[in-house]
2 protein chains.
Amino acid sequence: MKIPLYQQIKDKIIAMIDIMEPNASIPSERDFTDHFQASRMTVRKAINELVDEGYLYRDANRGTFVSDKRLIKKNSLLTPEFDKHTILYFDVKASCGEDVSLKLNISRDTSVVRFIRILSKDNINIALEEVYIARNQLTDDAFNDLPKLENFNAFFNRGSASFTVIPMLVPIKYANLLGVKLETPILSIESIIYKNDGSPLVYIKSFNHPVYRLIEITD
Amino acid sequence: MKIPLYQQIKDKIIAMIDIMEPNASIPSERDFTDHFQASRMTVRKAINELVDEGYLYRDANRGTFVSDKRLIKKNSLLTPEFDKHTILYFDVKASCGEDVSLKLNISRDTSVVRFIRILSKDNINIALEEVYIARNQLTDDAFNDLPKLENFNAFFNRGSASFTVIPMLVPIKYANLLGVKLETPILSIESIIYKNDGSPLVYIKSFNHPVYRLIEITD
DNA sequence: AAGTGGTCTAGACCACGCG
DNA sequence: GCGTGGTCTAGACCACTTG
(Lines give C-alpha, C1' and ligand atoms only; values in the text may rest on other atoms or scores of the structure.)
Protein backbone atom coordinates (compact mmCIF):
# COMPACT_ATOMS: atom_id res chain seq x y z
CA MET A 1 0.00 0.00 0.00
CA LYS A 2 2.11 2.82 -1.32
CA ILE A 3 1.08 6.33 -0.35
CA PRO A 4 1.84 8.84 -3.12
CA LEU A 5 4.32 11.56 -2.23
CA TYR A 6 1.81 14.35 -2.88
CA GLN A 7 -0.59 12.74 -0.41
CA GLN A 8 2.10 12.55 2.26
CA ILE A 9 2.84 16.23 1.64
CA LYS A 10 -0.87 17.08 1.89
CA ASP A 11 -1.09 15.35 5.24
CA LYS A 12 1.96 17.19 6.53
CA ILE A 13 0.65 20.56 5.37
CA ILE A 14 -2.73 19.89 6.99
CA ALA A 15 -0.98 19.12 10.27
CA MET A 16 1.12 22.26 9.89
CA ILE A 17 -1.74 24.68 9.20
CA ASP A 18 -3.92 23.15 11.89
CA ILE A 19 -1.94 25.11 14.48
CA MET A 20 -1.68 28.28 12.39
CA GLU A 21 -3.88 31.36 12.46
CA PRO A 22 -6.31 32.01 9.61
CA ASN A 23 -4.79 34.18 6.88
CA ALA A 24 -1.24 33.36 7.94
CA SER A 25 0.96 32.75 4.92
CA ILE A 26 2.48 29.34 4.34
CA PRO A 27 5.95 28.81 2.86
CA SER A 28 6.28 29.29 -0.88
CA GLU A 29 6.11 26.36 -3.26
CA ARG A 30 9.85 26.62 -3.84
CA ASP A 31 10.55 26.52 -0.11
CA PHE A 32 8.41 23.39 0.19
CA THR A 33 10.36 21.91 -2.74
CA ASP A 34 13.47 22.02 -0.58
CA HIS A 35 11.72 21.10 2.65
CA PHE A 36 9.94 18.03 1.30
CA GLN A 37 12.65 17.07 -1.21
CA ALA A 38 10.08 16.93 -3.97
CA SER A 39 9.68 18.65 -7.30
CA ARG A 40 7.67 21.84 -7.52
CA MET A 41 4.92 20.15 -9.56
CA THR A 42 4.42 17.56 -6.82
CA VAL A 43 4.25 20.26 -4.14
CA ARG A 44 1.81 22.19 -6.31
CA LYS A 45 -0.44 19.16 -6.68
CA ALA A 46 -0.63 18.82 -2.90
CA ILE A 47 -1.35 22.53 -2.39
CA ASN A 48 -3.85 22.68 -5.24
CA GLU A 49 -5.91 19.90 -3.70
CA LEU A 50 -5.91 21.70 -0.35
CA VAL A 51 -7.06 24.88 -2.10
CA ASP A 52 -9.85 22.93 -3.82
CA GLU A 53 -10.91 21.50 -0.47
CA GLY A 54 -10.97 24.96 1.10
CA TYR A 55 -8.06 24.55 3.55
CA LEU A 56 -5.92 27.15 1.78
CA TYR A 57 -6.43 30.02 -0.60
CA ARG A 58 -4.03 31.57 -3.06
CA ASP A 59 -3.39 35.18 -3.97
CA ALA A 60 -1.61 35.24 -7.30
CA ASN A 61 1.84 36.83 -7.04
CA ARG A 62 1.48 37.20 -3.24
CA GLY A 63 1.41 33.78 -1.71
CA THR A 64 -0.73 31.02 -0.24
CA PHE A 65 -2.66 31.47 2.99
CA VAL A 66 -4.54 29.50 5.63
CA SER A 67 -8.32 29.67 5.26
CA ASP A 68 -10.73 30.49 8.02
CA LYS A 69 -11.97 27.11 9.28
CA ARG A 70 -15.56 28.08 8.39
CA LEU A 71 -14.56 28.09 4.74
CA ILE A 72 -13.46 24.47 4.57
CA LYS A 73 -15.83 22.94 2.06
CA LYS A 74 -18.54 20.63 3.25
CA ASN A 75 -21.73 19.19 1.92
CA SER A 76 -24.05 17.79 4.56
CA LEU A 77 -26.17 16.22 1.82
CA LEU A 78 -23.23 14.05 0.87
CA THR A 79 -22.10 13.26 4.39
CA PRO A 80 -24.91 13.64 6.91
CA GLU A 81 -23.68 13.78 10.47
CA PHE A 82 -25.08 11.03 12.65
CA ASP A 83 -23.61 8.65 15.18
CA LYS A 84 -26.14 5.82 15.10
CA HIS A 85 -28.47 4.24 12.59
CA THR A 86 -31.32 1.90 13.45
CA ILE A 87 -32.92 -0.27 10.80
CA LEU A 88 -36.70 -0.44 11.04
CA TYR A 89 -37.37 -2.65 8.02
CA PHE A 90 -35.22 -4.67 5.68
CA ASP A 91 -36.80 -6.72 2.94
CA VAL A 92 -36.45 -7.82 -0.65
CA LYS A 93 -39.52 -7.25 -2.76
CA ALA A 94 -40.17 -9.08 -6.03
CA SER A 95 -41.48 -5.86 -7.54
CA CYS A 96 -41.23 -2.17 -6.86
CA GLY A 97 -43.45 0.87 -6.77
CA GLU A 98 -43.77 3.24 -9.68
CA ASP A 99 -41.60 5.97 -8.10
CA VAL A 100 -38.75 3.52 -7.43
CA SER A 101 -39.11 2.05 -10.91
CA LEU A 102 -38.73 5.52 -12.41
CA LYS A 103 -35.87 6.70 -10.21
CA LEU A 104 -33.83 3.52 -10.62
CA ASN A 105 -34.81 3.19 -14.27
CA ILE A 106 -35.92 -0.43 -13.86
CA SER A 107 -39.11 -2.27 -14.72
CA ARG A 108 -41.83 -2.71 -12.14
CA ASP A 109 -41.11 -6.44 -11.81
CA THR A 110 -37.45 -6.03 -10.88
CA SER A 111 -36.50 -7.37 -7.46
CA VAL A 112 -35.57 -4.53 -5.13
CA VAL A 113 -33.89 -4.36 -1.74
CA ARG A 114 -35.60 -1.87 0.51
CA PHE A 115 -34.85 -0.70 3.96
CA ILE A 116 -35.99 2.02 6.23
CA ARG A 117 -33.68 3.36 8.90
CA ILE A 118 -33.47 6.09 11.46
CA LEU A 119 -30.39 8.27 11.71
CA SER A 120 -29.72 9.70 15.12
CA LYS A 121 -27.19 11.89 16.82
CA ASP A 122 -26.79 12.39 20.55
CA ASN A 123 -29.83 10.14 20.93
CA ILE A 124 -32.02 12.48 18.90
CA ASN A 125 -33.63 11.13 15.75
CA ILE A 126 -32.54 13.52 13.04
CA ALA A 127 -33.71 11.81 9.89
CA LEU A 128 -35.62 8.90 8.47
CA GLU A 129 -34.35 7.27 5.29
CA GLU A 130 -36.01 4.96 2.80
CA VAL A 131 -33.31 3.24 0.74
CA TYR A 132 -33.86 1.28 -2.49
CA ILE A 133 -31.37 -0.74 -4.52
CA ALA A 134 -32.06 -3.20 -7.34
CA ARG A 135 -31.11 -6.66 -6.06
CA ASN A 136 -29.22 -7.55 -9.24
CA GLN A 137 -26.85 -4.63 -8.68
CA LEU A 138 -25.51 -6.27 -5.52
CA THR A 139 -23.16 -9.17 -5.13
CA ASP A 140 -24.12 -11.61 -2.37
CA ASP A 141 -21.35 -10.17 -0.21
CA ALA A 142 -22.53 -6.59 -0.73
CA PHE A 143 -26.09 -7.71 0.01
CA ASN A 144 -25.08 -9.24 3.30
CA ASP A 145 -23.03 -6.22 4.29
CA LEU A 146 -25.80 -3.78 3.47
CA PRO A 147 -27.40 -3.52 6.93
CA LYS A 148 -24.02 -2.71 8.44
CA LEU A 149 -23.31 -0.02 5.88
CA GLU A 150 -23.65 3.39 7.50
CA ASN A 151 -22.83 5.58 4.59
CA PHE A 152 -23.90 4.81 1.07
CA ASN A 153 -21.25 7.08 -0.31
CA ALA A 154 -19.21 3.92 -0.55
CA PHE A 155 -21.27 3.27 -3.68
CA PHE A 156 -20.52 6.77 -4.79
CA ASN A 157 -16.75 6.23 -4.85
CA ARG A 158 -16.81 5.63 -8.57
CA GLY A 159 -19.82 7.65 -9.56
CA SER A 160 -21.91 10.71 -8.81
CA ALA A 161 -24.80 11.68 -6.60
CA SER A 162 -27.65 14.07 -7.24
CA PHE A 163 -29.89 15.64 -4.61
CA THR A 164 -33.25 17.36 -4.78
CA VAL A 165 -34.57 19.19 -1.73
CA ILE A 166 -38.35 19.29 -1.34
CA PRO A 167 -40.39 21.23 1.23
CA MET A 168 -43.33 19.40 2.76
CA LEU A 169 -45.34 18.87 5.90
CA VAL A 170 -44.09 15.99 8.00
CA PRO A 171 -45.76 12.74 6.84
CA ILE A 172 -48.19 11.57 9.49
CA LYS A 173 -46.52 8.18 9.78
CA TYR A 174 -43.13 9.74 10.58
CA ALA A 175 -44.16 12.62 12.86
CA ASN A 176 -43.77 10.54 16.01
CA LEU A 177 -40.46 9.02 14.99
CA LEU A 178 -39.02 12.47 14.31
CA GLY A 179 -40.59 13.82 17.47
CA VAL A 180 -42.36 16.70 15.76
CA LYS A 181 -45.98 17.82 15.74
CA LEU A 182 -48.29 17.20 12.83
CA GLU A 183 -48.34 20.03 10.28
CA THR A 184 -44.67 20.83 10.91
CA PRO A 185 -42.80 21.92 7.76
CA ILE A 186 -39.76 19.71 7.09
CA LEU A 187 -37.27 18.97 4.33
CA SER A 188 -37.43 15.86 2.25
CA ILE A 189 -34.33 15.02 0.24
CA GLU A 190 -34.32 12.72 -2.75
CA SER A 191 -30.87 11.33 -3.47
CA ILE A 192 -29.84 9.21 -6.40
CA ILE A 193 -26.39 7.68 -6.61
CA TYR A 194 -25.32 7.00 -10.20
CA LYS A 195 -22.58 4.79 -11.53
CA ASN A 196 -20.09 6.34 -13.91
CA ASP A 197 -21.98 4.98 -16.89
CA GLY A 198 -25.02 7.00 -15.81
CA SER A 199 -27.15 4.12 -14.55
CA PRO A 200 -28.87 4.81 -11.22
CA LEU A 201 -27.74 2.53 -8.40
CA VAL A 202 -29.27 3.75 -5.14
CA TYR A 203 -32.40 5.77 -4.49
CA ILE A 204 -32.82 7.36 -1.07
CA LYS A 205 -35.75 9.38 0.12
CA SER A 206 -35.17 11.07 3.46
CA PHE A 207 -37.35 13.01 5.87
CA ASN A 208 -35.42 15.33 8.09
CA HIS A 209 -35.91 16.87 11.47
CA PRO A 210 -36.50 20.60 10.86
CA VAL A 211 -34.16 21.72 13.65
CA TYR A 212 -31.65 18.99 14.41
CA ARG A 213 -30.85 17.91 10.86
CA LEU A 214 -29.22 21.01 9.47
CA ILE A 215 -28.63 21.14 5.72
CA GLU A 216 -25.45 23.15 5.22
CA ILE A 217 -23.20 23.47 2.21
CA THR A 218 -19.99 25.45 1.89
CA ASP A 219 -18.64 25.85 -1.60
CA MET B 1 -5.86 38.70 -22.92
CA LYS B 2 -3.93 35.49 -23.30
CA ILE B 3 -5.91 32.29 -23.02
CA PRO B 4 -3.83 29.51 -21.45
CA LEU B 5 -3.18 26.49 -23.62
CA TYR B 6 -4.90 24.10 -21.21
CA GLN B 7 -8.04 26.26 -21.38
CA GLN B 8 -8.03 26.17 -25.16
CA ILE B 9 -7.66 22.40 -25.00
CA LYS B 10 -10.54 22.18 -22.50
CA ASP B 11 -12.78 24.14 -24.84
CA LYS B 12 -11.88 21.93 -27.77
CA ILE B 13 -12.50 18.74 -25.79
CA ILE B 14 -15.88 20.05 -24.60
CA ALA B 15 -16.87 20.75 -28.21
CA MET B 16 -15.63 17.29 -29.20
CA ILE B 17 -17.51 15.33 -26.53
CA ASP B 18 -20.67 17.37 -27.00
CA ILE B 19 -21.44 15.29 -30.08
CA MET B 20 -20.29 11.98 -28.59
CA GLU B 21 -22.37 9.32 -26.87
CA PRO B 22 -22.14 8.90 -23.10
CA ASN B 23 -19.51 6.33 -22.10
CA ALA B 24 -17.69 6.62 -25.42
CA SER B 25 -13.94 6.66 -24.88
CA ILE B 26 -11.94 9.74 -25.77
CA PRO B 27 -8.41 9.61 -27.23
CA SER B 28 -5.62 8.80 -24.79
CA GLU B 29 -3.58 11.57 -23.18
CA ARG B 30 -0.63 10.67 -25.39
CA ASP B 31 -2.76 10.92 -28.52
CA PHE B 32 -3.94 14.36 -27.42
CA THR B 33 -0.31 15.31 -26.83
CA ASP B 34 0.31 14.85 -30.55
CA HIS B 35 -3.03 16.25 -31.66
CA PHE B 36 -2.81 19.48 -29.65
CA GLN B 37 0.97 19.83 -29.86
CA ALA B 38 1.16 20.16 -26.09
CA SER B 39 2.96 18.31 -23.34
CA ARG B 40 1.22 15.48 -21.57
CA MET B 41 1.02 17.44 -18.29
CA THR B 42 -0.83 20.25 -20.04
CA VAL B 43 -3.27 17.82 -21.64
CA ARG B 44 -3.73 16.15 -18.26
CA LYS B 45 -4.53 19.48 -16.62
CA ALA B 46 -7.28 20.10 -19.17
CA ILE B 47 -8.72 16.60 -18.78
CA ASN B 48 -8.47 16.67 -14.98
CA GLU B 49 -10.54 19.84 -14.81
CA LEU B 50 -13.18 18.30 -17.05
CA VAL B 51 -13.24 15.24 -14.80
CA ASP B 52 -13.66 17.50 -11.74
CA GLU B 53 -16.52 19.30 -13.45
CA GLY B 54 -18.22 16.02 -14.30
CA TYR B 55 -17.87 16.10 -18.09
CA LEU B 56 -15.56 13.08 -18.18
CA TYR B 57 -14.69 10.17 -15.96
CA ARG B 58 -11.56 8.09 -15.82
CA ASP B 59 -11.04 4.36 -15.39
CA ALA B 60 -7.47 3.78 -14.31
CA ASN B 61 -5.53 1.69 -16.83
CA ARG B 62 -8.50 1.66 -19.20
CA GLY B 63 -9.12 5.15 -20.46
CA THR B 64 -11.18 8.30 -20.16
CA PHE B 65 -14.86 8.38 -21.05
CA VAL B 66 -17.70 10.79 -21.71
CA SER B 67 -20.07 11.22 -18.78
CA ASP B 68 -23.82 11.00 -18.99
CA LYS B 69 -25.01 14.60 -19.23
CA ARG B 70 -27.02 14.17 -16.02
CA LEU B 71 -23.76 13.77 -14.13
CA ILE B 72 -22.31 17.14 -15.02
CA LYS B 73 -21.95 18.86 -11.69
CA LYS B 74 -24.26 21.67 -10.80
CA ASN B 75 -25.31 23.53 -7.70
CA SER B 76 -28.55 25.45 -8.01
CA LEU B 77 -27.82 27.16 -4.69
CA LEU B 78 -24.75 28.78 -6.22
CA THR B 79 -26.33 29.58 -9.57
CA PRO B 80 -30.11 29.84 -9.34
CA GLU B 81 -31.80 29.76 -12.71
CA PHE B 82 -33.86 32.84 -13.43
CA ASP B 83 -34.23 35.11 -16.43
CA LYS B 84 -35.46 38.31 -14.76
CA HIS B 85 -35.07 40.07 -11.44
CA THR B 86 -37.26 42.90 -10.21
CA ILE B 87 -36.15 45.10 -7.35
CA LEU B 88 -38.91 45.90 -4.87
CA TYR B 89 -36.89 47.97 -2.41
CA PHE B 90 -33.43 49.45 -2.39
CA ASP B 91 -32.27 51.53 0.53
CA VAL B 92 -29.32 52.31 2.76
CA LYS B 93 -30.07 52.08 6.44
CA ALA B 94 -27.92 53.76 9.08
CA SER B 95 -28.28 50.71 11.30
CA CYS B 96 -29.18 47.06 10.87
CA GLY B 97 -31.26 44.44 12.57
CA GLU B 98 -29.80 41.95 14.99
CA ASP B 99 -29.85 39.04 12.54
CA VAL B 100 -27.95 41.02 9.90
CA SER B 101 -25.52 42.31 12.51
CA LEU B 102 -24.77 38.72 13.54
CA LYS B 103 -24.52 37.25 10.04
CA LEU B 104 -22.30 40.03 8.67
CA ASN B 105 -20.36 40.26 11.94
CA ILE B 106 -20.84 44.03 12.19
CA SER B 107 -22.16 46.29 14.94
CA ARG B 108 -25.79 47.35 15.01
CA ASP B 109 -24.93 50.92 14.01
CA THR B 110 -23.11 50.00 10.80
CA SER B 111 -24.64 51.39 7.64
CA VAL B 112 -26.10 48.63 5.51
CA VAL B 113 -27.35 48.42 1.95
CA ARG B 114 -30.52 46.39 1.71
CA PHE B 115 -32.61 45.36 -1.18
CA ILE B 116 -35.42 43.02 -1.82
CA ARG B 117 -35.94 41.54 -5.23
CA ILE B 118 -38.02 38.97 -7.01
CA LEU B 119 -36.41 36.35 -9.21
CA SER B 120 -38.59 35.06 -11.99
CA LYS B 121 -38.37 32.62 -14.83
CA ASP B 122 -40.81 32.33 -17.71
CA ASN B 123 -42.82 35.06 -16.01
CA ILE B 124 -43.29 32.96 -12.88
CA ASN B 125 -41.97 34.33 -9.61
CA ILE B 126 -39.69 31.62 -8.29
CA ALA B 127 -38.00 33.28 -5.34
CA LEU B 128 -37.85 36.36 -3.19
CA GLU B 129 -34.48 37.53 -1.96
CA GLU B 130 -33.49 39.90 0.82
CA VAL B 131 -29.90 41.01 0.26
CA TYR B 132 -27.70 42.80 2.82
CA ILE B 133 -24.21 44.27 2.36
CA ALA B 134 -22.32 46.59 4.68
CA ARG B 135 -22.02 49.95 2.88
CA ASN B 136 -18.33 50.31 3.75
CA GLN B 137 -17.55 47.08 1.87
CA LEU B 138 -18.58 48.69 -1.42
CA THR B 139 -16.77 51.23 -3.54
CA ASP B 140 -18.99 53.94 -4.97
CA ASP B 141 -18.83 52.24 -8.35
CA ALA B 142 -19.85 48.88 -6.92
CA PHE B 143 -22.65 50.59 -5.00
CA ASN B 144 -24.04 52.16 -8.15
CA ASP B 145 -23.79 48.93 -10.09
CA LEU B 146 -25.52 46.91 -7.40
CA PRO B 147 -29.10 47.15 -8.71
CA LYS B 148 -27.95 45.91 -12.09
CA LEU B 149 -26.09 42.97 -10.60
CA GLU B 150 -28.02 39.80 -11.31
CA ASN B 151 -25.75 37.29 -9.69
CA PHE B 152 -23.90 37.99 -6.49
CA ASN B 153 -21.45 35.23 -7.25
CA ALA B 154 -19.35 38.03 -8.72
CA PHE B 155 -18.49 38.76 -5.09
CA PHE B 156 -17.74 35.13 -4.60
CA ASN B 157 -15.03 35.04 -7.25
CA ARG B 158 -12.35 35.42 -4.61
CA GLY B 159 -14.06 33.82 -1.67
CA SER B 160 -16.50 31.18 -0.53
CA ALA B 161 -20.21 30.83 0.00
CA SER B 162 -22.14 28.89 2.61
CA PHE B 163 -25.79 27.89 2.44
CA THR B 164 -28.26 26.72 5.03
CA VAL B 165 -31.62 25.35 3.94
CA ILE B 166 -34.51 25.88 6.34
CA PRO B 167 -38.05 24.48 6.07
CA MET B 168 -40.86 26.86 6.95
CA LEU B 169 -44.38 27.91 6.11
CA VAL B 170 -44.53 30.71 3.57
CA PRO B 171 -44.35 34.11 5.33
CA ILE B 172 -47.70 35.83 5.11
CA LYS B 173 -46.19 38.93 3.51
CA TYR B 174 -44.67 36.89 0.67
CA ALA B 175 -47.44 34.39 -0.04
CA ASN B 176 -49.07 36.56 -2.69
CA LEU B 177 -45.81 37.46 -4.39
CA LEU B 178 -44.90 33.80 -4.69
CA GLY B 179 -48.41 32.93 -5.72
CA VAL B 180 -48.91 30.25 -3.09
CA LYS B 181 -51.60 29.74 -0.47
CA LEU B 182 -51.03 30.53 3.17
CA GLU B 183 -49.72 27.59 5.22
CA THR B 184 -47.76 26.26 2.24
CA PRO B 185 -44.43 24.66 3.23
CA ILE B 186 -41.50 26.29 1.41
CA LEU B 187 -37.71 26.41 1.55
CA SER B 188 -35.85 29.36 2.92
CA ILE B 189 -32.15 29.55 2.09
CA GLU B 190 -29.67 31.60 4.06
CA SER B 191 -26.56 32.38 2.04
CA ILE B 192 -23.43 34.10 3.26
CA ILE B 193 -20.65 35.04 0.87
CA TYR B 194 -17.29 35.29 2.60
CA LYS B 195 -14.09 36.93 1.47
CA ASN B 196 -10.96 34.84 1.51
CA ASP B 197 -9.95 36.26 4.87
CA GLY B 198 -13.12 34.84 6.37
CA SER B 199 -15.02 38.10 6.78
CA PRO B 200 -18.67 37.94 5.69
CA LEU B 201 -19.50 40.20 2.77
CA VAL B 202 -23.05 39.47 1.62
CA TYR B 203 -26.00 38.01 3.49
CA ILE B 204 -28.95 36.75 1.47
CA LYS B 205 -32.15 35.31 2.81
CA SER B 206 -34.37 33.80 0.17
CA PHE B 207 -37.88 32.39 0.12
CA ASN B 208 -38.50 29.96 -2.67
CA HIS B 209 -41.46 28.78 -4.60
CA PRO B 210 -42.04 25.16 -3.50
CA VAL B 211 -42.57 23.86 -7.04
CA TYR B 212 -40.92 26.18 -9.53
CA ARG B 213 -37.70 26.87 -7.65
CA LEU B 214 -36.08 23.47 -7.60
CA ILE B 215 -33.06 22.99 -5.36
CA GLU B 216 -30.85 20.46 -7.12
CA ILE B 217 -27.23 19.57 -6.57
CA THR B 218 -25.11 17.07 -8.46
CA ASP B 219 -21.76 16.25 -6.91
C1' DA C 1 3.29 -7.09 -25.12
C1' DA C 2 1.05 -2.93 -25.75
C1' DG C 3 -1.51 0.74 -24.00
C1' DT C 4 -3.63 3.28 -20.26
C1' DG C 5 -3.81 6.50 -16.50
C1' DG C 6 -1.02 7.88 -12.00
C1' DT C 7 2.97 9.81 -10.30
C1' DC C 8 7.21 12.39 -10.44
C1' DT C 9 11.32 15.13 -11.93
C1' DA C 10 14.17 19.22 -13.08
C1' DG C 11 14.16 22.43 -15.37
C1' DA C 12 11.90 26.93 -17.96
C1' DC C 13 9.45 31.55 -18.91
C1' DC C 14 5.70 34.69 -17.71
C1' DA C 15 2.89 38.48 -15.33
C1' DC C 16 2.20 40.62 -11.37
C1' DG C 17 2.64 42.63 -6.48
C1' DC C 18 5.63 44.60 -3.39
C1' DG C 19 9.21 47.25 -1.20
C1' DG D 1 14.52 43.83 -8.84
C1' DC D 2 13.01 40.00 -6.31
C1' DG D 3 9.69 36.60 -5.00
C1' DT D 4 5.26 34.75 -5.88
C1' DG D 5 2.02 31.81 -8.13
C1' DG D 6 0.55 30.28 -13.17
C1' DT D 7 1.81 27.85 -17.08
C1' DC D 8 4.44 24.62 -19.78
C1' DT D 9 7.92 21.18 -21.45
C1' DA D 10 10.04 16.61 -22.38
C1' DG D 11 11.14 13.30 -20.55
C1' DA D 12 10.70 9.01 -16.86
C1' DC D 13 8.94 4.79 -14.16
C1' DC D 14 4.99 2.36 -12.20
C1' DA D 15 0.77 -0.71 -11.74
C1' DC D 16 -2.71 -2.29 -14.01
C1' DT D 17 -5.97 -4.02 -17.82
C1' DT D 18 -6.65 -6.02 -22.05
C1' DG D 19 -6.09 -8.39 -26.46
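Computed from a prediction, not measured in an experiment: that's the story for all the values here. The sequence lines fix the lettering, A, B, ..., with proteins before strands; numbering per chain opens at 1.
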Worksheet item: Charged N to carboxylate O below 4.0 Å: is that the case for A:Asp91 and A:Arg114?
Response: yes
Practice prompt. Would you check if B:Lys10 and B:Glu53 make a side-chain contact, meaning some heavy-atom pair closer than 4.5 Å?
Written response: yes
Fill in: Rounded distance in Å - CZ (B:Phe65) to P (C:dT4)
11 Å
Item to complete: Determine the interplanar angle of the A:Phe36 and A:Phe32 rings, folded into 0 to 90°, and report it as parallel if under 30°, tilted if 30 to 60°, perpendicular if over 60°.
Response: parallel
Discussion item. I want to confirm an ordering. Mapping A:Pro4 and A:Arg30 to their closest nucleotides on DNA chain C, which one lands closer to the 5' end?
Written reply: A:Pro4
Item to complete: Start with the C-alpha gap between A:Val112 and A:Ile106, add the side-chain angles, then the distance that decides, and say whether side chain to side chain contact (heavy atoms under 4.5 Å, CB included) holds.
Response: CA-CA 10 Å; A:Val112 163; A:Ile106 55 180; 3.7 Å; yes
Worksheet item: According to the side chain to side chain donor-acceptor pair (under 3.5 Å) rule, which pairs have a member within residues 13-25 of chain B, sequence neighbours left out?
Response: B:Asn23-B:Tyr57
Item to complete: Could you tell me the separation between the CD1 atom of B:Ile3 and the P atom of C:dA15, rounded to a whole number of Å?
Response: 16 Å
Worksheet item: Any side-chain heavy atom of B:Thr110 within less than 4.5 Å of one from B:Leu104?
Response: no
Worksheet item: D:dG3 C1' sits how many Å from A:Asp59 CG, rounded?
Response: 14 Å
Discussion item. Please determine whether a side-chain nitrogen or oxygen atom of A:Tyr6 lies at a distance below 4.0 Å from atom OP1 or OP2 of C:dT7.
Written reply: yes
Worksheet item: Can you name the ring pair (Phe, Tyr, Trp, His ring centres under 6.0 Å) partners of A:Phe90, sequence neighbours left out?
Response: A:Phe115, A:Phe143
Show each protein N/O and nucleotides 16-19 of chain D N/O combination with a separation under 3.5 Å, one pair to a line.
unit_1 : atom_1 : unit_2  : atom_2 : d
D:dC16 : O4'    : B:Asn61 : ND2    : 3.3

Discussion item. Assess whether a salt bridge exists between A:Lys74 and A:Glu81, defined as any Lys/Arg side-chain N lying under 4.0 Å from an Asp/Glu carboxylate O.
Written reply: no
Response to the item:
Residues of residues 8-23 of chain B with a heavy atom under 4.0 Å from any atom of DNA chain D, listed by number, are none
Worksheet item: Would you call B:Lys205 and B:Glu190 a salt bridge, using N to O less than 4.0 angstrom?
Response: yes
Response to the item:
From CD1 of A:Ile26 across to P of D:dG3 the rounded distance in Å is 18 Å
Worksheet item: Just by distance, do the side chain of B:Asp122 and the backbone of B:Ile124 share a donor-acceptor pair under 3.5 Å?
Response: no
Discussion item. Within residues 51-58 of chain B, which residues have any heavy atom lying less than 4.0 Å from an atom of DNA chain C?
Written reply: B:Arg58
Worksheet entry | Nearest-Å distance for atom pair CD/P, residues B:Glu29 and C:dG6 | 7 Å
Discussion item. Measuring only between side-chain heavy atoms, which start at C-beta, is B:Tyr132 closer than 4.5 Å to B:Lys103?
Written reply: no
Worksheet item: Quick one, which residues of residues 35-49 of chain A touch DNA chain D with a heavy atom under 4.0 Å?
Response: A:Arg40, A:Met41, A:Arg44
Discussion item. Between B:Arg40 (side chain only) and B:Val43 (backbone N and O only), is there a donor and an acceptor less than 3.5 Å apart?
Written reply: no
Worksheet item: Side chains of A:Asn196 and B:Arg58: donor-acceptor distance under 3.5 Å anywhere?
Response: no
Practice prompt. Rounded to the nearest angstrom, tell me the gap between atom CG in A:Asp34 and atom C1' in C:dT9.
Written response: 14 Å
